[in-house]
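These numbers come from the heavy atoms of this one structure, side chains and all, not from hydrogens, waters or symmetry mates. Naming: A, B, ... by sequence-line order, numbering from 1 per chain. All figures in this text were calculated on a predicted structure; none of them were measured in a lab.
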Amino acid sequence: MSSSSSSSSPSCPKKMITLKSSDGETFEIEEIAALQSKTLESMIDENCASTPVPLPNITGKILAKVVEYCTKHAEVGADAESLRAWDAEFVSVDHPTLFDYILAANFLEIPTLLNLACQSVADMVKGKTPDEIHKIFNIKSTFTPEEEEELRRENQWAFD
Amino acid sequence: MPALVNYGGEDQFFGGGSLCTSSIDLDRLYSMGSSMDIYCPPHKRARVCGPYAVSSYEYEGEHLSSIEELPDECLFEIFRRLPSGRERSSCACVSKHWLFLLSSMRRTEISGEVDNSAKEDKEMKTSPSGDVEMVSCDASGGLEGDGYLTRCLEGKKATDVRLAAVAVGTNGRGGLGKLSIRGTRSTRGVTNIGISAIARGCPSLRTLSLWNPSSIGDDGLVEIAKECCLLEKLDLSHCPFVSNKGLIAIAENCRDLISLNIESCPKIGNEGLEAIGRCCPRLQSISIKDCPLVGDHGVASLVSSASSVLSKIKLQGLNITDFSLAVIGHFGLAVTSLVLGGLRNASEKGFWVMGNAQGLKKVSTLTVASCHGITDVSLGAIGKGCTNLKQMCLRKCHFVSDSGLITFARAASSLENLQVEELDRISLGGVIGVISNREMKLKSLSIAKCMGIKDLLQGSLMLSSCTSLRSLSIQNCPGFGSASLAMVGKLCPHLEHIDLTGLCGITDAGLSPLLENSEAGLVKVNLSNCLNITDEAVSTLVRLHGGTLELLNLDGCRKVTDASLVAITDNCLLLNDLDMSKCSITDSGVSVLSSAGHLNLQVLSLAGCSMVSSKSVPFLKKLAGSLIGLNLQHCRSISSSMVELLAESLWRCDILS
């Protein structure tokens with residue numbers, strides 16, 4: 001709960017900031033990793049990150065993963081191939097979690113995570129018909145039968 | 001909820017961000033929400049606590065986020081990354097919310113579009129849908145190589161959903177080039193939202209036509225102007241909510257506009273037209289009808305700015321005055337076609353100046369209707385000034401008299417086609433005077449509903465034949481009788497087409513001078529409703545002109561009997577269109593007609609011939625070889641079962657019954 005400048009190894013003191021989730025859990029993240037979030041970056045610039053930053057929109061479970069993501073991506077010397085594989089692993093989660101990633105990435109303004117998660121959702125849709133999409137995401141259609149007909153006519157290839 | 005934490009001693013609200021690029025116009029997402037039932041959560045997430053309730057994110061038991069809870073900006077980011085147009089189409093069919101969000105995406109906001117569409121090309125060609133023209137679209141050519149598709153939405157089917165579907169569906173599959181919306185007032189119809197979807201999704205739109213759209217206004221047109229810069233033709237008819245603002249936006253952004261057509265738009269006025277004139281150097285055709293706010297300023301500035309390419313001008317039912325006519329006369333250097341109708345505020349002086357200004361040298365087609373400013377004097381000036389005039393149409397100009405018409409016809413030396421309708425002061429003298437001109441090039445003369453023409457010739461005239469006239473049409477002039485026809489007939493030796501519809505006064509004696517005098521050979525003869533024509537005239541006609549006659553129309557000639565059919569069969573070689581509706585013909589006449597092996601009759605009408613019975617059916621079957629159209633309406637003596645039998649034999653023929 002205490003603020004920055006932790007006691008770390010004598011060689012290079014890493015600056016940490018603390019994030020607090022909606023359910024009260026706290027997480028520490030290196031400042032370098034936190035810079036991937038534009039929101040956190042501007043806070044750091046304005047010296048507001050010395051006390052724990054409350055994130056009332058993000059649960060602990062998700063925040064933990066986000067911290068993990070940022071930390072991983074802040075590592076130097078990671079080769080692109082293995083990072084890609086790690087990313088693929090990261091988004092192999094159920095849909096609700098994936099959407100939570102998107103919401104968190106949107107809120108914290110983390111472009112890489114947003115791109116990753118959104119692309120992952122977009123890829124789920126590939127080759128699917130509208131009915132299949134309804135099922136995958138559990139969405140209700142709000143069209144009347146006439147509107148369905150019109151849509152089908154204009155977008156026939158989606159139904160093939 | 002956590003308490004507000006002061007950072008660094010300053011009270012500042014630190015709003016959480018939205019990562020989406022600023023090009024999203026969040027306003028449009030708000031505006032969508034108001035009119036339809038889509039979930040529209042708050043867009044900006046302030047990290048400050050307050051009484052706001054974002055309850056979905058509170059940890060209450062096991063709450064699972066669903067895709068429905070993602071804010072529009074996140075859905076947008078997902079949709080941007082969809083692999084191809086096909087996936088976008090699929091997503092568009094999922095829910096209204098997704099449809100309208102997808103349709104609001106501009107092509108430039110979709111990433112990876114250009115790379116994918118080359119692969120899409122090959123998929124496109126095998127797509128089976130019927131009403132889409134699948135031509136390979138050159139993705140690398142950008143917008144210019146696009147815009148192959150046409151859509152026309154009518155009546156109840158003209159809805160925002162359909163437009164959004166079109167916007168998504170035509171993208172990447174050829175692109176929408178032409179859109180027509182024919183709305184009706186009673187249904188809710190198309191609104192600005194649908195039009196905005198089209199604007200964003202179809203930047204290659206070239207032709208837009210809006211008739212009676214129930215609630216499209218300036219906002220929709222402004223969107224079109226911003227996105228569809230290649231727009232070439234715009235047609236607005238009965239758009240009560242479109243005002244100058246929309247038209248000015250179009251003018252300033254669609255610099256390639258070629259054709260503009262505005263009808264019954266009560267809010268469009270001079271400023272809009274002035275902007276068009278100023279900004280659209282390529283405008284070739286302008287038509288404005290029944291717009292009460294349009295006046296001299298707009299028309300004059302438009303005509304004078306665009307004088308180098310503007311070739312078609314149509315102004316009808318407007319409050320313009322002599323000033324506009326003068327401007328047209330001076331600046332209409334490129335005008336080839338001019339239509340002026342219902343100009344209540346234009347007087348003789350305006351038309352006179354227009355003719356005398358010597359600017360309308362290229363006009364080849366001129367139509368003037370319901371203008372009291374057309375008098376003998378102004379008509380004469382027009383005749384002199386429009387040296388290239390080939391086709392002239394005068395309707396309902398009640399101040400034109402015989403001498404005016406004759407002077408005009410003499411002055412307009414290039415005139416080939418003259419049509420006059422409802423000129424009540426014209427008499428037979430005028431008609432004769434027009435025809436009787438050896439130097440004339442007139443090929444076609446048409447006179448309709450001129451009630452002033454009677455069988456009286458006042459004064460003596462120098463009569464000379466007109467060798468150039470090929471087509472003469474005198475319709476529904478009840479006073480034009482046999483004497484008039486005889487006189488006219490003697491003056492036109494080279495007629496090929498005659499149309500005497502509705503001249504109930506003419507008799508066989510009146511027709512024969514014309515028939516006898518015709519050296520060239522008549523090709524098309526229309527005598528419908530000439531009630532007094534009998535077999536004798538028909539026999540004379542086919543005897544003299546059977547070698548050239550192709551069309552003969554005797555609709556309503558009750559006195560014509562089987563004898564005419566005998567004569568036709570004996571004499572006509574080339575006849576392919578015969579109309580004997582309401583004539584007094586019987587089965588024996590039909591049998592004679594059908595036995596003519598040399599006749600290649602293509603169209604035959606026996607409508608209303610009550611004496612033609614089912615016995616004629618076998619005779620009609622003989623005509624199966626050439627007949628493509630047969631009219632048996634109101635033939636009371638032929639039963640419908642016989643007609644069906646006939647239809648089986650004449651399977652190539654279109655039968656009306």
Side-chain angles (χ1 to χ4, degrees), chain A residues 20 22-23 38-39 42-43 46-52 54-59 95-97 99-100 102-103 105-111 114-115 118-119 121-123 125-130 133-134 137-143 146-148 150-160, chain B residues 1-2 5 7-8 12 14 16-20 37-38 45 47 49 54 57-59 64-71 73-74 77-87 89-99 123 127-129 131-132 156-157 159 161-162 165-166 168-170 173:
Chain A
K20 189 160 161 192
S22 62
D23 39 354
K38 293 202 171 66
T39 311
S42 21
M43 287 192 65
E46 302 195 17
N47 286 319
C48 306
S50 39
T51 50
L55 303 173
N57 310 25
I58 309 179
T59 63
H95 294 171
T97 313
F99 300 140
D100 284 333
I102 295 179
L103 287 164
N106 187 37
F107 181 72
L108 288 171
E109 295 183 81
I110 308 172
L114 187 70
N115 184 45
C118 287
Q119 188 66 60
V121 176
D123 289 338
V125 173
K126 182 166 181 152
K128 299 281 185 300
T129 67
I133 299 178
H134 281 131
F137 294 121
N138 201 20
I139 305 172
K140 263 194 324 238
S141 169
T142 46
F143 293 117
E146 293 88 31
E147 289 165 346
E148 274 280 352
E150 287 169 2
L151 277 165
R152 193 175 270 268
R153 206 149 24 123
E154 282 301 331
N155 293 287
Q156 183 59 46
W157 62 344
F159 291 86
D160 295 333
Chain B
M1 297 298 257
V5 177
Y7 323 120
Q12 46 173 336
F14 212 96
S18 160
L19 195 55
C20 305
D37 52 325
I38 54 170
R45 223 158 308 272
R47 212 168 351 104
C49 78
V54 189
Y57 304 112
E58 283 185 43
Y59 190 66
L64 295 175
S65 303
S66 102
I67 198 170
E68 299 273 62
E69 291 165 13
L70 289 178
E73 58 218 31
C74 292
E77 289 298 322
I78 296 173
F79 291 150
R80 270 185 68 200
R81 291 168 172 84
L82 288 172
S84 74
R86 191 189 157 193
E87 275 72 32
S89 287
S90 287
C91 290
C93 302
V94 167
S95 74
K96 258 190 207 170
H97 176 198
W98 284 29
L99 173 65
E123 291 173 45
S127 172
S129 54
D131 60 336
V132 169
K156 282 200 197 143
K157 300 224 169 149
T159 60
V161 168
R162 177 94 198 267
V166 168
V168 175
T170 57
R173 289 163 79 208

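Between B/R86 and A/G127, the shortest heavy-atom distance links the atoms NH2-O, 4.2 Å. Nearest approach of A/A122 to B/P83, heavy atoms of both residues: O-CD, 3.9 Å. Between A/T142 and B/K96, the shortest heavy-atom distance links the atoms OG1-N, 3.0 Å. Nearest heavy-atom pair, B/E87 versus A/V125, reported as atom, atom and distance to 0.1 Å: CG-O, 3.7 Å.
At least one side-chain heavy atom of B/R81 sits under 4.5 Å from a side-chain heavy atom of A/N115. Side-chain contact between B/I67 and A/V121 is present, with at least one heavy-atom pair separated by less than 4.5 Å. For the pair B/P71 and A/L103, the minimum side-chain heavy-atom distance is below 4.5 Å.
Atom CG of B/L70 and atom CZ of A/F99 lie 6.0 Å apart (nearest 0.5 Å). To the nearest 0.5 Å, the span separating CZ on A/F143 from OG on B/S95 amounts to 6.0 Å. Here the CH2-CD1 distance, from B/W98 to A/I133, works out to 6.0 Å after rounding to the nearest 0.5 Å. Summarising the geometry, atom CD1 belonging to A/I139 is positioned 10.0 Å from atom NE2 belonging to B/H97; distances are rounded to the nearest 0.5 Å.
Residue-environment remark: NZ (B/K157) stays at or below the threshold of 12 foreign heavy atoms within 6.0 Å.
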Side chain to side chain contact (heavy atoms under 4.5 Å, CB included) between A/Q119 and B/R80, intermediate numbers included: CA-CA 9 Å; A/Q119 188 66 60; B/R80 270 185 68 200; over 6 Å; no

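Residues passing the side chain to side chain contact (heavy atoms under 4.5 Å, CB included) test with B/T159, sequence neighbours excluded: A/E150, B/V161, B/R162. For B/S89, the side chain to side chain contact (heavy atoms under 4.5 Å, CB included) partners at least two apart in sequence or on another chain are A/N155, A/W157, A/A158, B/V168.
Your options are B/S90, B/G169, B/C91, B/A165, and the one with the most heavy-atom pairs under 4.5 Å with chain A is B/S90.
For chain B, the nearby parts of A/K126 are the backbone and the side chain; heavy atoms of each come within less than 4.5 Å.
A donor-acceptor distance shorter than 3.5 angstrom exists from the side chain of A/H134 to the backbone of B/V94, with no hydrogens or angles considered.
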